[in-house]
*Asks:* 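Here it is, the structure in full.
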There are 2 protein chains.
Amino acid sequence: MHKMIKKNKTFIDKLRSSGLRPTNQRVEICKFLFGRKKTFHFTVEELKNSMNLKRLKKISTATFYNTVHALKSAGHLKEFSLDNNTSYYDTNIASHHHFFDNGKVIDIKSDKITFQKLPEAPKGKKIKNVEVVIRLENNN
Amino acid sequence: MHKMIKKNKTFIDKLRSSGLRPTNQRVEICKFLFGRKKTFHFTVEELKNSMNLKRLKKISTATFYNTVHALKSAGHLKEFSLDNNTSYYDTNIASHHHFFDNGKVIDIKSDKITFQKLPEAPKGKKIKNVEVVIRLENNN
DNA sequence: CACATACTTTAGAATAATTATAAAGTAGTT
DNA sequence: AACTACTTTATAATTATTCTAAAGTATGTG
């Protein structure tokens with residue numbers, strides 16, 4: 001029980017720091033997103049389907065979108081795009097890179113890629129982060 | 001006039017190599033995309049608006065989408081995504097990188113970034129290309 | 001160089017992802 | 001406990017894109 005309370009507190013903190021009140025729906029979404037050992041990637045539609053499948057009382061689409069969006073704006077989720085028109089989210093917010101393999105995404109730890117040369121930021125700007133996408137193809 | 005003919009031939013070649021017949025609409029789209037000194041970025045919607053503004057007889061949305069898609073599949077355009085749900089296209093197909101500055105995209109020449117360390121491709125796969133996105137923020 | 005045929009264009013309908021709306025419900029303050 | 005501002009929800013609206021089917025056009029063949 002101690003652990004449970006502690007975890008919920010973490011989720012509530014994430015919500016509060018995203019400017020959101022910790023409602024039941026939101027806490028459950030956080031539990032689903034952050035209450036596991038491994039980070040993962042998802043679309044809002046996938047998240048909605050996974051969570052609502054097991055629930056008698058469904059959480060509405062708008063709540064999923066609102067919550068994910070706020071978590072992302074606060075930096076608790078990272079957004080990325082493939083070549084299609086759907087937003088993907090990543091619960092791994094540590095700076096890292098990706099392999100893209102025909103729609104499948106694989107994380108690359110930050111320290112697996114280092115640079116020999118990087119350009120200067122334009123005047124008045126600075127670099128916020130650097131992300132590398134390595135596109136893969138079959139080894140024919 | 002010579003130059004004009006030569007250019008049109010280039011456009012027609014691009015279309016043919018994309019599996020498309022060189023119709024008037026398509027040649028005009030190619031002219032707009034490839035008949036200039038500098039490469040540029042665009043969305044299909046932007047392309048449509050820019051081109052149709054000056055035309056008495058408008059080219060239909062579907063034709064813009066079809067043509068851009070075929071040119072992209074043939075490698076005459078590169079597609080990329082920002083954090084939203086719109087596809088962007090780049091007439092610069094040379095391998096290169098990007099600064100993203102609040103929705104604005106700036107090209108970075110390929111030789112401005114070099115790597116010290118890159119990960120191996122997973123078994124049975126090989127690297128198709130490597131693309132770097134450098135996100136910028138204001139120098140507060 | 002006319003003709004047949006397969007490919008194109010087009011307007012409009014359809015779809016998919018996302019955002020907006022506004023009425024009913026709930027958290028947090030007093 | 002009561003009030004008020006924030007939430008949830010179902011549904012409508014919007015945006016980007018794809019599909020459809022009828023009318024038009026490029027191109028090889030004779």
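Letters A, B, ... are given to chains in the order of the sequence lines, protein chains preceding strands, and every chain is numbered from 1.
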*Asks:* Check the distance between D/dT17's P and B/Asn66's CG and give it to me in whole angstrom.
*Replies:*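 Nearest whole value for this atom pair: 13 Å.
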*Asks:* Between P on D/dT25 and CG on B/Leu15, what's the gap in Å once rounded to a whole number?
*Replies:*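 Distance check: B/Leu15 CG to D/dT25 P gives 18 Å.
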*Asks:* With distance as the sole criterion, is a donor-acceptor pair present between the side chains of B/His41 and B/Thr91 under 3.5 Å?
*Replies:*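 Absent: no donor and acceptor within the cut-off.
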*Asks:* Take B/Thr61 and A/Arg21, find for each the nucleotide of DNA chain C with the closest heavy atom, and name the residue whose nucleotide sits nearer the 5' end.
*Replies:*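 Residue closer to the 5' terminus by nearest nucleotide: B/Thr61.
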*Asks:* Ignoring hydrogens and angles, tell me if any N or O in the side chain of A/His96 forms a donor-acceptor pair with the backbone of A/Ala94 under 3.5 Å.
*Replies:* yes
*Asks:* Per the ring-ring contact (aromatic ring centres under 6.0 Å, His included) rule, what does the pair list look like for residues 113-140 of chain A, sequence neighbours excluded?
*Replies:* A/Phe115-B/Phe115
*Asks:* Should B/Lys57 be listed as having a side-chain N or O under 4.0 Å from OP1 or OP2 of C/dT10?
*Replies:*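 Answer is yes, contact under 4.0 Å.
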*Asks:* Does the distance from a Lys or Arg side-chain N to an Asp or Glu carboxylate O, for A/Lys31 and A/Glu28, drop under 4.0 Å?
*Replies:* no
*Asks:* Tell me the closest heavy-atom pair linking B/Leu33 and B/Phe40, and the distance in Å.
*Replies:*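 Residues B/Leu33 and B/Phe40, closest heavy atoms: O-CE2, 3.5 Å.
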*Asks:* In whole Å, what is the span from the OH atom of A/Tyr88 to the C1' atom of C/dA17?
*Replies:* 12 Å
*Asks:* Hey, does B/Thr23 reach any base, or is it just sugar-phosphate, or nothing, if we go heavy atoms under 4.0 Å?
*Replies:*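 Touches sugar-phosphate only.
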*Asks:* Expressed as a whole number of angstroms, how long is the span from A/Ile12:CD1 to D/dT7:P?
*Replies:* 14 Å
*Asks:* Does D/dT8 have OP1 or OP2 sitting under 4.0 Å from an N or O in the side chain of A/Arg26?
*Replies:* yes
*Asks:* In whole angstrom, give the distance that lies between atom CZ of B/Phe64 and atom P of C/dA11.
*Replies:* 11 Å
*Asks:* Send over the distance from B/Lys58 NZ to C/dG12 C1', rounded to a whole Å.
*Replies:* 18 Å
*Asks:* Tell me whether the side-chain N/O atoms of B/Gln25 come closer than 4.0 Å to OP1 or OP2 in D/dT25.
*Replies:* no
*Asks:* So, A/Thr63 versus A/Gln25: side-chain donor-acceptor pair below 3.5 Å or not?
*Replies:*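 The criterion, which ignores hydrogens and geometry beyond distance, is not satisfied for A/Gln25 and A/Thr63.
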*Asks:* Report yes or no: is the cationic atom of B/Lys78 (NZ for Lys, CZ for Arg) closer than 6.0 Å to the six-membered ring centre of B/Tyr89, at no more than 45° off its axis?
*Replies:*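 No - B/Lys78 does not lie over the ring of B/Tyr89 by the 6.0 Å and 45° rule.
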*Asks:* From NE2 of B/His69 over to P of D/dT17, roughly how many Å is that when rounded to an integer?
*Replies:*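 Answer to the nearest Å: 11 Å.
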*Asks:* Need to verify one output field. Residue with the more 5' nearest nucleotide on DNA chain D, B/Ala62 or A/Gly19?
*Replies:*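 Per heavy-atom nearest nucleotide, the more 5' residue is A/Gly19.
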*Asks:* Given C/dT18, is OP1 or OP2 found less than 4.0 Å from the side-chain N or O atoms of A/Tyr65?
*Replies:*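 A/Tyr65 to C/dT18 OP1/OP2: side-chain N or O found under 4.0 Å.
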*Asks:* Could you check how far CG of B/Asn8 sits from P of D/dA26, rounded to whole Å?
*Replies:*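 Rounded to the whole Å, the gap is 14 Å.
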*Asks:* Please work out which residues in residues 45-56 of chain A have a non-hydrogen atom less than 4.0 Å from an atom of DNA chain D and list them by number.
*Replies:*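 The stretch gives none, as no residue of it lies under 4.0 Å from the strand.
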*Asks:* Checking all strands, does B/Thr86 fall into the base, sugar-phosphate, or nothing category for heavy-atom contacts under 4.0 angstrom?
*Replies:* sugar-phosphate
